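Keep in mind the model is a prediction, meaning the values are calculated, not measured.
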Amino acid sequence: MLRVTSSFFFCTAAVSLLLAASGAIAMPANKCVVDGTVTYQQGPCPSSNPVRKIPTLEELNAGEKKRRAAAAAGASSKVAPAAPAAPAAPAAPAPANAFSCDGRQHCSQMRSCAEAKYFLANCPGVKMDGDGDGIPCEQQWCTH
């Protein structure tokens with residue numbers, strides 16, 4: 001029985017050595033597409049595109065603020081004037097500096113339409129404009 005096991009081990013080792021020597025066991029290949037043709041190679045794929053600069057968090061936030069401010073300005077100019085309603089006590093708008101981005105993201109966390117508008121225009125990651133029209137919290141706060 002020992003002899004069968006020894007010869008089995010010898011055969012397995014010999015086959016492994018033979019495969020390694022012939023190149024059948026190789027490093028993983030990279031699948032590359034060059035001019036529409038799929039190629040496989042051991043090294044990294046060639047890149048004809050320049051390396052893209054990854055934007056910083058500050059650059060992403062600044063771009064998002066600009067996009068939201070433009071969307072809010074565009075949405076407010078598209079709103080048709082409403083028919084005159086019964087006179088009501090006007091709500092005093094809160095100054096913009098009364099609010100600050102503190103991590104709140106949802107309409108249920110807001111206390112007024114002005115606060116929701118501030119958060120939408122100035123704070124990253126808010127989830128208050130589901131239909132993307134630039135008006136936040138249309139069901140809770142900004143109903144008109």
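- Side chain of D129 to main chain of G134: a donor-acceptor pair is present (N/O by atom type, distance under 3.5 Å, no hydrogens or angles).
- When atom types are taken as modelled, the side chain of N61 and the backbone of K65 share no donor-acceptor pair closer than 3.5 angstrom.
- With values rounded to the nearest 0.5 angstrom, K127 atom NZ is found 13.0 Å from C137 atom SG.
- Within the model, atoms SG of C32 and CD of Q41 stand 4.0 Å from one another, a figure rounded to the nearest 0.5 Å.
- Between the OG atom of S112 and the CH2 atom of W141 there is a distance of 6.5 Å, given to the nearest 0.5 Å.
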TODO: Give the intermediate values and the outcome of side-chain contact (heavy atoms from CB on, under 4.5 Å) for residues R104 and R111.
DONE: CA-CA 11 Å; R104 292 182 285 161; R111 287 178 231 122; 3.5 Å; yes

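- Residues T143 and E138 form no side-chain contact, since every pair of their non-hydrogen atoms from C-beta on lies 4.5 Å or further apart.
- Here SG of C123 is found 10.5 Å from CZ of F99. Values are rounded to the nearest 0.5 Å.
- Between atom CZ of residue F119 and atom OG of residue S100 there is a gap of 6.0 Å, rounded to the nearest 0.5 Å.
- Less than 2.5 Å separates the SG atom of C113 from that of C142.
- Side-chain atoms of Q105 come within 3.5 Å of backbone N or O of G125 as a donor-acceptor pair.
- A distance of 8.5 Å separates NE2 in H106 from CE in M128, rounded to the nearest 0.5 Å.
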